[in-house]
Amino acid sequence: MSWIRERELSLLERLTANILKAGPMPKHVAFIMDGNRRFAEKTHVERQEGHSQGFEKLAETLRWCLNLGIHEVTVYAFSIENFKRSKEEVDGLMELARQKFNRLLTEQENLEKHGVCIRVLGDLTLLPTDLQQLIAKSVVATKAHNKCFLNVCFAYTSRHEIANAVKEMAWGVEQGLIKSSDVSEVLLSECLYSSNSPNPDLLIRTSGEVRLSDFLLWQTSYSCLVFQSVLWPEYSFWNLCEAVLQYQLSYRSLQKARDLHREDQALQQMEADRSCVAELLQHRGNGKPMDAQSRQKELLNYTASREERVRCFLNALQHKRDTFFSDLSSQAVVA
């Protein structure tokens, strides 16, 4: 089964898509693809077959997203919590991942045609070494593509991601790349696995469960959350349209909340910079009060230096991550 199904929409589906696209459309949609095991029970097939059907549905859904002009999709493929399932099921999921990433490497022409960039977000060190290498090779092979993006969260939980982001900032302080005073909400966002992507506009969970299950907790604070009762392997184009319509109905209130949050972040950063400048001037003080113009100049200089430190740190962090993937990729053996 291909990673992207080559299928055009029906006349009715195209008409519906065009009507939806007349309104505000989500640019980035996240899916919690829930219900594979229940689908297997419902249809009296093995659990592994349920997971395979779930992957086929992902390929079909990616096609629908492209038809709707949605160019970034993030999916919850395997939670760290899933390691607690039976060894048989975990081993089966690892083998399914091997098959699909091997298949991806044979579909370079198709992925290049659509400009699909595959990113895998999570702690790959928790996975078998051969799968780590295969994933890394897939990521490196599609890195230059930039028309649409598929982020696969594998060996992932949001709490693990946030904890890792804190560790990355601590590493930056230890390396002398940033100061502890540079740590902020915005910087933490830039240290997440998903830092190369905008936050999702819309998050969809199937199977009727109304919870996020430790998925993109930080990134979805101002996203439209849609919970649908359909099992993932039974997901349809019309289910996706329904979710997009709910996003459109919520668009103005979501946009207002995001704008207010961005303004609040900017004010917090300005106050933090002013506090740091005041502390520096106090340490440097010669007993003479500084006029407002000189204080403003000091503030601008401090802000510029902080931004430069942060830029250098983020470049170093990206280089560290790129090196991790390229080193793993060079060790991969493709089946």
Side-chain angles (χ1 to χ4, degrees), residues 2-35 39 53-77 110-111 113-119 145-153 194 197-210 212 215-216 219-262:
S2 173
W3 277 69
I4 297 182
R5 182 174 290 184
E6 295 292 343
R7 173 188 172 274
E8 294 303 317
L9 298 178
S10 69
L11 178 61
L12 181 57
E13 288 171 339
R14 287 201 305 273
L15 177 62
T16 303
N18 287 335
I19 292 171
L20 279 176
K21 286 192 281 187
M25 290 295 292
K27 296 180 177 64
H28 181 185
V29 177
F31 291 93
I32 300 178
M33 307 178 293
D34 197 13
F39 173 79
Q53 290 290 327
F55 177 81
E56 291 188 18
K57 185 54 63 176
L58 170 60
E60 192 172 15
T61 303
L62 290 175
R63 179 73 260 175
W64 296 333
C65 286
L66 289 176
N67 290 136
L68 287 169
I70 298 165
H71 292 289
E72 183 148 9
V73 171
T74 298
V75 296
Y76 204 0
N110 190 37
L111 292 170
K113 169 187 167 184
H114 293 290
V116 182
C117 174
I118 306 291
R119 301 180 184 131
H145 302 168
N146 60 9
K147 291 181 182 176
C148 54
F149 302 89
L150 172 61
N151 306 310
V152 181
C153 292
S194 62
S197 301
N199 290 337
D201 301 296
L202 169 63
L203 183 145
I204 300 168
R205 178 169 188 154
T206 57
S207 87
E209 295 289 340
V210 185
L212 295 181
F215 180 55
L216 301 180
Q219 298 91 330
T220 56
S221 298
Y222 299 96
S223 304
C224 176
L225 308 182
V226 175
F227 301 95
Q228 298 175 302
S229 60
V230 61
L231 301 177
W232 175 251
E234 297 175 326
Y235 204 69
S236 72
F237 174 77
W238 304 109
N239 294 132
L240 179 58
C241 289
E242 177 196 12
V244 170
L245 183 58
Q246 288 193 48
Y247 165 78
Q248 292 180 335
L249 293 172
S250 305
Y251 176 76
R252 288 193 177 183
S253 60
L254 288 170
Q255 199 62 38
K256 183 178 179 181
R258 285 178 180 173
D259 291 343
L260 288 172
H261 181 61
R262 275 193 292 268

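Between the CD atom in Gln228 and the CG atom in Leu240 there is a gap of 8.0 Å [rounded to 0.5 Å]. Taking CD1 from Ile32 and OG1 from Thr206, the interatomic distance works out to 8.5 Å, rounded to the nearest 0.5 Å. Distance OG/Ser253 to NZ/Lys256: 9.5 Å, rounded to 0.5 Å. To the nearest 0.5 Å, atom CG of residue Leu150 and atom CD1 of residue Ile118 are 4.5 Å apart. Here the CG-CD distance, from Leu260 to Gln255, works out to 10.5 Å after rounding to the nearest 0.5 Å. In this structure, Ile70 CD1 and Leu66 CG are separated by 9.0 Å, a value rounded to the nearest 0.5 Å.
Taking Asp259 as the reference, Arg262 meet the side chain to side chain donor-acceptor pair (under 3.5 Å) condition, with sequence neighbours excluded. For Glu209, the side chain to side chain donor-acceptor pair (under 3.5 Å) criterion is met by Arg211, not counting sequence neighbours. With sequence neighbours excluded, the residues that form a side-chain contact (heavy atoms from CB on, under 4.5 Å) with His145 are Leu111, Glu112, Cys117, Thr142. Under the ring-ring contact (aromatic ring centres under 6.0 Å, His included) criterion, Phe215 pairs with Tyr76, not counting sequence neighbours. Scored by the side-chain contact (heavy atoms from CB on, under 4.5 Å) test, Leu254 finds Cys224, Tyr247, Ser250 as partners (sequence neighbours excluded). Scored by the side chain to side chain donor-acceptor pair (under 3.5 Å) test, Arg14 finds no partners at all (sequence neighbours excluded). For the salt bridge (charged side-chain N to carboxylate O under 4.0 Å, His left out) test, no residue two or more places apart in sequence or in another chain qualifies with Glu242. Residues passing the side-chain contact (heavy atoms from CB on, under 4.5 Å) test with Ser229, sequence neighbours excluded: none. For Ser221, the side-chain contact (heavy atoms from CB on, under 4.5 Å) test picks out no residue, with sequence neighbours left out. His28 pairs by the side chain to side chain donor-acceptor pair (under 3.5 Å) definition with Thr74, not counting sequence neighbours. Looking at residues two or more places apart in sequence or on another chain, you find a salt bridge (charged side-chain N to carboxylate O under 4.0 Å, His left out) between Asp34 and Arg38, Arg205.
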Handout entry: Test side chain to side chain contact (heavy atoms under 4.5 Å, CB included) applied to Tyr235 and Trp64, step by step
Key = CA-CA 11 Å; Tyr235 204 69; Trp64 296 333; 4.1 Å; yes
Exercise for the section: Decide side chain to side chain contact (heavy atoms under 4.5 Å, CB included) for Trp232 and Asn239; before the verdict, give the C-alpha distance in whole Å, the side-chain angles of both, and the deciding distance to 0.1 Å. Expected result: CA-CA 10 Å; Trp232 175 251; Asn239 294 132; over 6 Å; no
Practice task
Please report the C-alpha distance between Arg258 and Asp201 in whole Å, then the side-chain angles of each, then the deciding distance to 0.1 Å, and finally whether the side chain to side chain contact (heavy atoms under 4.5 Å, CB included) criterion is met.
Solution key: CA-CA 11 Å; Arg258 285 178 180 173; Asp201 301 296; 3.0 Å; yes
Handout entry: side chain to side chain contact (heavy atoms under 4.5 Å, CB included) between Val75 and Asn151, worked out
Key = CA-CA 6 Å; Val75 296; Asn151 306 310; over 6 Å; no
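Side chains of Leu58 and Met33 form a contact here, defined as non-hydrogen atoms less than 4.5 Å apart. Using a 4.5 Å heavy-atom threshold, the side chains of Leu62 and Cys65 count as separate. Taking the side chain as every heavy atom from C-beta outward, Val73 and Phe149 never approach each other to under 4.5 Å. At least one side-chain heavy atom of Thr220 sits less than 4.5 Å from a side-chain heavy atom of Leu212.
Panel note: side chain Glu13, backbone Phe237; no donor-acceptor pair is recorded below 3.5 Å. Under the 3.5 Å distance criterion, the side-chain polar atoms of Gln248 are matched with a main-chain donor or acceptor of Pro24. A donor-acceptor pair is defined here as one N or O able to donate and one able to accept, closer than 3.5 Å; no such pair exists between the side chain of Gln219 and the backbone of Pro200. With hydrogens and angles disregarded, a donor-acceptor distance shorter than 3.5 Å links the side chain of Ser236 to the backbone of Trp238.
For the pair Ile204 and Ala243, the tightest heavy-atom approach, listed with the atom from each and the gap, is CD1-CB, 3.5 Å.
The pair Arg119-Glu72 counts as a salt bridge, with a side-chain nitrogen and a carboxylate oxygen less than 4.0 angstrom apart. Using a 4.0 Å cut-off between charged nitrogen and carboxylate oxygen, Glu60 and Arg63 do not count as a salt-bridge pair.
In Lys21, the NZ atom is crowded: over 12 heavy atoms of neighbouring residues, nucleotides or ligands sit closer than 6.0 Å.
Counting only residues at least two apart or in different chains, salt bridge (Lys or Arg N to Asp or Glu O under 4.0 Å) contacts with residues 222-241 comprise Lys42-Glu234.
Annotation: His261 is in aromatic contact with Tyr222 [ring centroid separation under 6.0 Å].
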